[in-house]
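Naming convention: chains lettered A, B, ... in sequence-line order (proteins, then strands); numbering from 1 in each chain. Just so we're clear, the structure is a prediction, and the values are computed from it rather than from any experiment.
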Amino acid sequence: MDLLEYQGKQLFARHGVAVPSGLPATTVAEAVDAADKIGYPCVVKAQVQVGGRGKAGGIKVAQDRQEAQLHSQAILGMDIKGHTVHEIWVEAASDIASEYYASIVFDRSAKAPLVMLSTQGGMDIEEVAERDPNAIAKLHVDPLLGFQEFHGRRLAFEAGVDEDVVRPIAAILARLYEAFVAEEAMLVEVNPLIITGDRDVWALDAKVTLDDNALYRHPENAALRNPGNEDPQEQMAHERGLTFVKLDGDIGILGNGAGLVMSTIDVVSQAGGSPANFLDAGGGSKAEAITSAVEVILANPNVKAVLFNIFGGITRCDEVAKGLIEAFAQINPIVPFVVRLDGTNDVEGRRLLAEANLPNVHAQDTMLGAAQKVVELAQGVAS
Amino acid sequence: MDLLEYQGKQLFARHGVAVPSGLPATTVAEAVDAADKIGYPCVVKAQVQVGGRGKAGGIKVAQDRQEAQLHSQAILGMDIKGHTVHEIWVEAASDIASEYYASIVFDRSAKAPLVMLSTQGGMDIEEVAERDPNAIAKLHVDPLLGFQEFHGRRLAFEAGVDEDVVRPIAAILARLYEAFVAEEAMLVEVNPLIITGDRDVWALDAKVTLDDNALYRHPENAALRNPGNEDPQEQMAHERGLTFVKLDGDIGILGNGAGLVMSTIDVVSQAGGSPANFLDAGGGSKAEAITSAVEVILANPNVKAVLFNIFGGITRCDEVAKGLIEAFAQINPIVPFVVRLDGTNDVEGRRLLAEANLPNVHAQDTMLGAAQKVVELAQGVAS
Amino acid sequence: MSVLVGKDTRLCVSGITGREGTFHALNNRNYGTNVVAGVTPGKGGQDVEGIPVFDTFHAAVADSGANTAMIFVPPRFAADSILEAQDAGIELIIAITEGIPAHDELRVFNHLSHQSGVRLIGPNCPGILSPGKANVGIIPASFFKEGNVGVVSRSGTLTYQIGNELARAGFGNSSIVGIGGDPVPGSSFIDIIALFEADPETELIVMSGEIGGSAEEEAAEYIAANVTKPVVAYIAGFTAPPGKTMGHAGAIVSGTAGTAVAKAEALEAKGVRVGRTPTETAEIAAQILSA
Amino acid sequence: MSVLVGKDTRLCVSGITGREGTFHALNNRNYGTNVVAGVTPGKGGQDVEGIPVFDTFHAAVADSGANTAMIFVPPRFAADSILEAQDAGIELIIAITEGIPAHDELRVFNHLSHQSGVRLIGPNCPGILSPGKANVGIIPASFFKEGNVGVVSRSGTLTYQIGNELARAGFGNSSIVGIGGDPVPGSSFIDIIALFEADPETELIVMSGEIGGSAEEEAAEYIAANVTKPVVAYIAGFTAPPGKTMGHAGAIVSGTAGTAVAKAEALEAKGVRVGRTPTETAEIAAQILSA
């Protein structure tokens, strides 16, 4: 789960990381009101989960109320790389002496958090990494030992931060690490981390990704999910507990198990088709879950055909068949379905489907055959 | 640093361990006032750092105000195994269904905290351990991993607690562990840990020893030190930053380094003497520290002779000599001193002492010779 | 021979009294696995169709001599159950549970890595099947037969797919090991490939990877330096869009590294043949074995 | 030969710019110890009478090739400095600092025990002297000479006392190792006795213990099983009253276990001769060496 900038800053503030004061707004009136409260100059910032907001015109300084109004009008509703701006964050303008970069990522290979610090903040860190790898100080933290004072000092000295801010930089890294662990984040990134004219250290931006699997332990974070920023179909899938990713094509895909679904998408693509989604019905899906998943797939008007690719382990093929039959009873789909059932209770599943004799549902024996069939159907070659 | 029962309970409460409500009192009037506020029946408990308070009459139930007055009168000022009761704790009477025992000790051999639980609480746990070792469930906790839920369950099941309290007992052990770590304790003991008639789990007593070396991180705990419960001479030494233990004899001992001082006490005892104290002047003591230590030693009127046994490493013998000379200038002691100086700057130290020609100060070359000499002097055989 | 589970396996199932736990414990027993105990706190003294249930792993191990644990409890309890199994002396812990918080996995992995004599498979994995000997987990055993192909996979159902294609081509398996798709798997491709390399029954190794992370690239290096047996690989996610998480926490593509193309190239550069579909993968394996 | 410190020692002093740190770093260098670097955060680039100072241990190790660290910082910073030294690849860490919180020591000890190739001596110890070769710490070296007696001790000044008595009896030392009197020492009697047993120059081992804990009892068992060289012991605290802490955090007597009598009996039961005074201990050692 990705947080918006201001949600990330509020999370930081809970762990003692200094952030500029600000207020969120979803309308121009709210934004102007917020700007008045905060005072001028202030900054109007588009709240979307995508980089490059500044270049796209999504971050503007307002010197007075009139500018606050103009900027919030311009930014609200703006499209930034496919993300519509539904919300803005109005914050006090900062006095920036230096722009640094700090982040903590969950490093799978090392099985440890990786902490990074650079004095070359304010720009794309991938570019910095490419141009001058030594400009980024990095170290792994033993998760059982935790972040030690020496970690902070070492990063600060190795990144070459100004001498007078070695201690405050080390301290803010310790607090970011605390936030990373306490909130169970997968990523915490601050770019820029600024040194103010008064030599204070502030997080001027915040990119935080939380672990969805841990949200049950953090109800206050779970409540942050921002429906306005999600695709309606993805939101629908999410509410139904399905693992769903929207894609560009016209063939709806349902499978059980992430690897099998990814493989199905590959095979369909290789057969010349274009998948409309990734949908993992998950292990042990019952009939209702299948019915519910069909509704999600068909909520995409681009879908011209649907492929069910099931290899049952925990998932039982008879339950999948029952779910599909129920879906047809409820929503009577007009697009063709190709269904391949193997694994647990496959014989029973195939029998149920055959008996139901659903219109335009094509059984296939193999994954490859099923993929070829659904591509044909989507292209209208066969019916 | 040992806490009084009620200080330990207040510490527990900060970590979510349930304790009966209560109020401390140092006078009978305060106690009666406290009892009125808490309601009757209540329990009047002597606050001294020694076991067996109940048997000694230091814990009494008051059914009404008159009894509260009588009991607090009786208990305040009472002597329990050499400890005078300066303070009492008045707490709400508890409805006790079962008495369990729980503790966490700092196990040096295992380099890990040891957690213990028994259903045979309310009595001396050493007796339980001797009579029925299996009655105490024990396990070590990896300090880097911390107390896990399974630790609590395992202790509860292995101790054989009532089935309905497995979860709350496991939960209270987790909170005691949290207190042990967060407050940097060397010992946390609850005896009895009670199950109430309503099947709640409460800590009815609290024995907490904190790590003196960590008190700087816990100012609220450092402030708890209770001067009323300390020997005046030990208190004087403590205020001066000296490591001091009062003993029963008549020979004052000063040395540098705990091992050497202990060894000095042994050697003096073997020579037929009886040491009046353990005093480790510590490493690198300056002249003022030595002068100050002499004052502490002589604050004990039993002292008939004093032995300085110094083997200088960080400590410099010339500083020790200067400190002793200054002490003579300031307080003109009437008892004889035996001084043995070896190690760093010993030649200079001996020279200073010889030049000062202090009355009744006897230089000795060896530790054994010095011990024998001071015993003779204390016994009045030589002068 | 086989790897990890077999006739010496003495299995204790954590969460045995849950619906799924009971179903799969009995399913594993029916296959021939020696299921000696179960653990459910508070249900000690009961039994599940003759399998004794204990309150703690320690009691289960003491009484039944269990040497292998299957973790079948909800994610909220899984990390604790794994740690308990290790503490009780279990040598092989197979964690089926999906959805364990990543920071829990981090703690568990790092703690276990400091303990000797314990191996974790999973979490979020289908378990291990050694056809004809033992099945621990949720792999539908009837689709596989004894043979000489060792399979190791990050994905459960994809494993079944590949195993099934091999079976159709007439080949069986020594063992099928699902290592799971989570950010911090207890065992890596390398760990399992090393076991297959040492297993006399295994003549060919199939590894089934997916986008995200660098486990496949690391395996490629390891194979080049240490493995004498032929290895055939499959990678899922060639057409996955960058920047999207696809189900498995592991299956996220960011930038160039971790893509299916990069992984396939890394493997092929080290002489590992990579199939573009599960079917092609099985065909390559069959070709090599028939040569 | 000697143990732990000698001609190969390349010492980095943490806290070198403090008053005591400077004094003892120079004192150690004057004795002949190869002091290659110092660490004081914020003073990198400076030097202490020619010894270069670095901001971090990592920079110090990279630049100077230091293999040994002496920790001379206040207790508030000591645990962190030890962990930093380990992280930077230092092999031997000698922590002089007294008064480190016990829970810090617990974390440090348990973390270091999971790392390979690192040994901690102390904290709260006087360091290690290998007469004629190197001195790391605060042991007054002029009172000791080269020889064949290895000394290991929980107490600093008591070590000097015993070493001095030996010197008066005409014997010198291979190495003198102060392991410190804190609750969680980085190295135990056993660890050091094993080194002396393996050191060809050492012909006799003197161990100086004190009341509290069970390190001496454990050493007795170890000596009986593993040590061929004669061991003479001294225990301080025969007349210490029970229940009182005497200086060292370690020196507390509770009940019967951990008393000087119990320790002496445990050692004598395993054939270790125990002197009742430092003088008698030196006399026993001299007797054995002269026999």
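- For the pair B:Tyr216 and D:Pro75, the minimum side-chain heavy-atom distance is 4.5 Å or more.
- Annotation for B:Arg131: atom CZ counts as buried by contact number, over 12 foreign heavy atoms lying within 6.0 Å.
- B:Leu260 places none of its side-chain heavy atoms less than 4.5 Å from the side chain of D:Tyr160.
- Taking both residues in full, the closest heavy atoms of B:Ala112 and D:Leu106 are given as N-CD1, 3.9 Å, listed atom of the first, atom of the second, then distance.
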Under the criterion salt bridge (charged side-chain N to carboxylate O under 4.0 Å, His left out), I'd like the reasoning laid out for D:Arg168 against B:Asp342: C-alpha separation, chi angles, the key distance, then a yes or no.
CA-CA 13 Å; D:Arg168 287 185 189 192; B:Asp342 254 324; 3.2 Å; yes

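- B:Met262 CE to D:Phe238 CZ: the interatomic distance, rounded to the nearest 0.5 Å, is 11.5 Å.
- Atom NZ of B:Lys286 sits in a crowded spot, with more than 12 heavy atoms from other residues, nucleotides or ligands closer than 6.0 Å.
- The existence of a salt bridge linking B:Lys111 and D:Asp182 is excluded, since no basic side-chain nitrogen approaches an acidic carboxylate oxygen closer than 4.0 Å.
- Taking OG of D:Ser155 as the reference point, atom CG of B:Asp280 lies at 9.0 Å (rounded to 0.5 Å).
- Put simply, the side chain of D:His103 reaches to within 4.5 Å of the side chain of B:Phe180, judged on heavy atoms.
- Residue contact with chain D, scored on non-hydrogen atoms closer than 4.5 Å, involves the backbone and the side chain of B:Glu184 alike.
- For B:Ala185, the part lying under 4.5 angstrom from a heavy atom of chain D is the backbone only.
- Here B:Gly343 is the residue among B:Ser269, B:Pro113, B:Gly343, B:Ala371 with the most heavy-atom pairs under 4.5 Å with chain D.
- To the nearest 0.5 angstrom, B:Arg108 atom CZ is 10.5 Å from D:Glu105 atom CD.
- When B:Ser109, B:Ser263, B:Ala214, B:Pro275 are compared by the number of non-hydrogen pairs under 4.5 Å with chain D, B:Ser263 comes out ahead.
- Other residues, nucleotides and ligands contribute at most 12 non-hydrogen atoms within 6.0 Å of the CG atom of B:Asp365.
- Looking at B:Arg340, the atoms closer than 4.5 Å to chain D (heavy atoms on both sides) all sit in the side chain, from C-beta outward.
- The side-chain heavy atoms of D:Ile100 and B:Asn213, taken from C-beta on, include no pair separated by under 4.5 Å.
- Here the straight-line distance linking atom OG of D:Ser214 with atom CG of B:Asp107 works out to 8.0 Å at 0.5 Å rounding.
- B:Asp266 and D:Thr239 form a side-chain donor-acceptor contact under 3.5 Å, judged by distance and modelled atom types alone.
- B:Gly259 approaches D:Glu210 most closely through the heavy-atom pair CA-OE1, 3.8 Å.
- Highest contact tally toward chain B, considering only D:Ala236, D:Gly137, D:Ser153, is held by D:Ala236 [criterion: heavy-atom pairs under 4.5 Å].
- Interface residue B:Asp211: only side-chain heavy atoms are found under 4.5 Å from chain D.
- In this structure, the separation between CE on B:Met367 and OG1 on D:Thr277 is 7.5 Å, given to the nearest 0.5 Å.
- The parts of D:His111 that come within reach of chain B are both its backbone and its side chain, each placing non-hydrogen atoms under 4.5 angstrom from that chain.
- Separation of atoms CD (D:Glu280) and CG (B:Leu368) is listed at 10.0 Å; rounding is to 0.5 Å.
- Of the two parts of D:Tyr234, only the side chain, counted from C-beta on, holds a non-hydrogen atom closer than 4.5 Å to a non-hydrogen atom of chain B.
- Inter-residue side-chain proximity for B:Pro143 and D:Phe109 is flagged as unmet; no heavy-atom pair is nearer than 4.5 Å.
- Taking 4.5 Å as the limit, some side-chain heavy atom of D:Phe143 sits within range of a side-chain heavy atom of B:Asp346.
- Heavy atoms closer than 4.5 Å to chain B are found in both the backbone and the side chain of D:Ile138.
- The parts of B:Phe311 that come within reach of chain D are both its backbone and its side chain, each placing non-hydrogen atoms under 4.5 angstrom from that chain.
- At least one donor-acceptor pair under 3.5 Å links the side chain of D:Thr157 to the backbone N or O of B:Asn256.
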